[in-house]
Asks: 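The structure that follows is given in the form of structure tokens.
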Amino acid sequence: MKLATWNVNSLKVRLPQVLDWAGKHQPDVLCLQETKLENDKFPAPEIRAAGYEPLANGQKTYNGVAILAKSAAADAVTAIPGFADEQKRVLAATVGGVRVVCAYVPNGESIESDKYQYKLRWLAAFRGWLKDELARHPRFAVLGDYNIAPEDRDVYDPKAWEGQVLFSVPERDALKSLLDLGLKDSFRLFEQPERSFTWWDYRMNAFRRKMGLRIDHILLSEELAKACTACVIDVEPRKNERPSDHAPVIAELKL
DNA sequence: ATGGTAGAAACTCTA
């Protein structure tokens, strides 16, 4: 079973790239973030034609998540229970006996921003929900754009990024506290190339200069981590014309 | 000295 995640930064713009990529890599589950589409605008027919059943939780202009699955998805949840949030950032569903959470964690803007406080509050609520879901589902995966780089090696210039949003200690601690629930960063289960990143700013030729951060992650429960045989970042779509600023991440499971 | 780019939508906000 292949699980994948990709922040597409507008599904309207990126739909052809998403269909092309899914056709090539054939993930069983593809989690998308920043779809920026209301559900009634979601391109469900095109996605069905490509062999995927879509689940969408979107809004206009900002945010929005979706799960594309090769087999039927059940028991969808579209919000963090008990956390009032206008922003569409989560979607959970059960696919092929695996409970999948697709998440778009708030960016935070800067550590001085109100949005940063929202990010930390959001992560605390998210943790509570994941704990509950994990208790009920031993086969549990949390995929998405976390907007947090865990370690120095996940940042092209950790000195310059120290204390900045996406790499500040409170954010990294929040990510650690998700792992402390009993989740594994699937990417680090394996030997990986140096300078492995999933996001590069559109500005300053950041991609060409390898100035990236690894902020998109696939976290796996113990049971799924044991079954995980590979996790890779596919940088190829970042080279496309009109690319997303994020690259997809794929984890392969032998279930 | 505070850019630069991209997306959506409205002439600005978010990332």
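Reminder, nothing fancy here: chain letters follow the sequence lines and each chain counts from 1.
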Asks: Between T35(A) and N63(A), name the one whose nearest nucleotide on DNA chain B is closer to the 5' end.
Replies: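 On the 5' side of the pair lies T35(A).
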Asks: Enumerate the residues from residues 233-240 of chain A whose closest heavy atom to DNA chain B is under 4.0 Å, giving them by residue number; use none for an empty result.
Replies: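 Contacting residues: none.
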Asks: Measure the shortest side-chain to side-chain distance between Y62(A) and E34(A) over non-hydrogen atoms and say whether it is less than 4.5 angstrom.
Replies: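 SC-SC contact between Y62(A) and E34(A) ruled out.
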Asks: For dG7(B), does either OP1 or OP2 sit under 4.0 Å from a side-chain N or O belonging to R14(A)?
Replies: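 Yes, such a contact exists.
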Asks: Separation of K36(A) atom NZ from dA10(B) atom P, in whole Å?
Replies: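 Rounded to the whole Å, the gap is 14 Å.
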Asks: Would you mind classifying the nucleic acid contact of F207(A) as base, sugar-phosphate or nothing, using non-hydrogen atoms under 4.0 angstrom?
Replies: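 Nothing, no nucleic acid heavy atom in range.
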Asks: Taking the side chain of M204(A) as heavy atoms from C-beta outward, which of dG4(B), dT5(B), dC13(B) is closest to it?
Replies: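 Closest nucleotide to the M204(A) side chain: dG4(B).
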Asks: In whole Å, I'd like the distance from the CD atom of Q59(A) to the C1' atom of dC13(B).
Replies: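 Rounded to the whole Å, the gap is 13 Å.
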Asks: Identify the residue among L143(A), V142(A), D145(A), I67(A) that makes a side-chain contact (heavy atoms from CB on, under 4.5 Å) with C102(A).
Replies: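 Running side-chain contact (heavy atoms from CB on, under 4.5 Å) over L143(A), V142(A), D145(A), I67(A) with C102(A) returns exactly one hit, I67(A).
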Asks: Under 6.0 Å from the six-membered ring centre of Y156(A) and within 45° of its axis: does the NZ or CZ of R195(A) meet both?
Replies: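 The answer is no, since R195(A) fails at least one limit relative to Y156(A).
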Asks: Between D201(A) and Q87(A), just flag the one whose closest nucleotide in DNA chain B comes earlier from the 5' side.
Replies: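 Whichever sits nearer the 5' end wins; that is D201(A).
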Asks: When you measure from the side chain of T61(A), which nucleotide among dC13(B), dA9(B), dT5(B) comes out closest?
Replies: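 Minimum distance to the T61(A) side chain belongs to dA9(B).
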Asks: Does a sphere of radius 6.0 Å around NZ in K41(A) hold more than 12 heavy atoms from other residues, nucleotides or ligands, not counting ones at 6.0 Å or beyond?
Replies: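 No - once you tally the heavy atoms of other residues, nucleotides and ligands closer than 6.0 Å, there are 12 at most.
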Asks: Could you tell me whether the phosphate oxygens of dT5(B), OP1 or OP2, come under 4.0 Å of any side-chain nitrogen or oxygen in R242(A)?
Replies: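 The answer is no; no side-chain N or O of R242(A) sits under 4.0 Å from OP1 or OP2.
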Asks: Check whether more than 12 heavy atoms from other residues, nucleotides or ligands sit under 6.0 Å from atom NZ of K184(A), and answer yes or no.
Replies: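 Counting other residues, nucleotides and ligands, NZ of K184(A) stays at 12 neighbours or fewer.
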Asks: Would you indicate whether Q26(A), at its atom CD, is surrounded by more than 12 heavy atoms from other residues, nucleotides or ligands within a distance under 6.0 Å?
Replies: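 Counting neighbours around CD of Q26(A), more than 12 heavy atoms of other residues, nucleotides or ligands fall under 6.0 Å, so yes.
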Asks: Side chain of S10(A) only, heavy atoms from C-beta on: which candidate in dA6(B), dC13(B), dA8(B) is closest?
Replies: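 For the S10(A) side chain, the nearest candidate turns out to be dA8(B).
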Asks: Can you identify which nucleotide, out of dA6(B), dA8(B), dG4(B), has its nearest atom closest to the V13(A) side chain?
Replies: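 Nucleotide nearest to V13(A)'s side chain: dA8(B).
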Asks: In whole angstrom, give the distance that lies between atom OH of Y62(A) and atom C1' of dA15(B).
Replies: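 Going from Y62(A) (OH) to dA15(B) (C1'), I get 10 Å.
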Asks: Less than 6.0 angstrom separating the ring centers of W200(A) and F207(A), yes or no?
Replies: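 W200(A) vs F207(A): aromatic centres under 6.0 Å.
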Asks: Atom CG of N9(A) to atom P of dA8(B): distance rounded to whole Å?
Replies: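 Rounding to the nearest Å, CG of N9(A) and P of dA8(B) are 7 Å apart.
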Asks: Hey, does the side chain of K115(A) come within less than 4.0 Å of dT14(B)'s phosphate (OP1/OP2), counting only N and O?
Replies: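 It does, given that an N or O in the side chain of K115(A) lies less than 4.0 Å from OP1 or OP2 of dT14(B).
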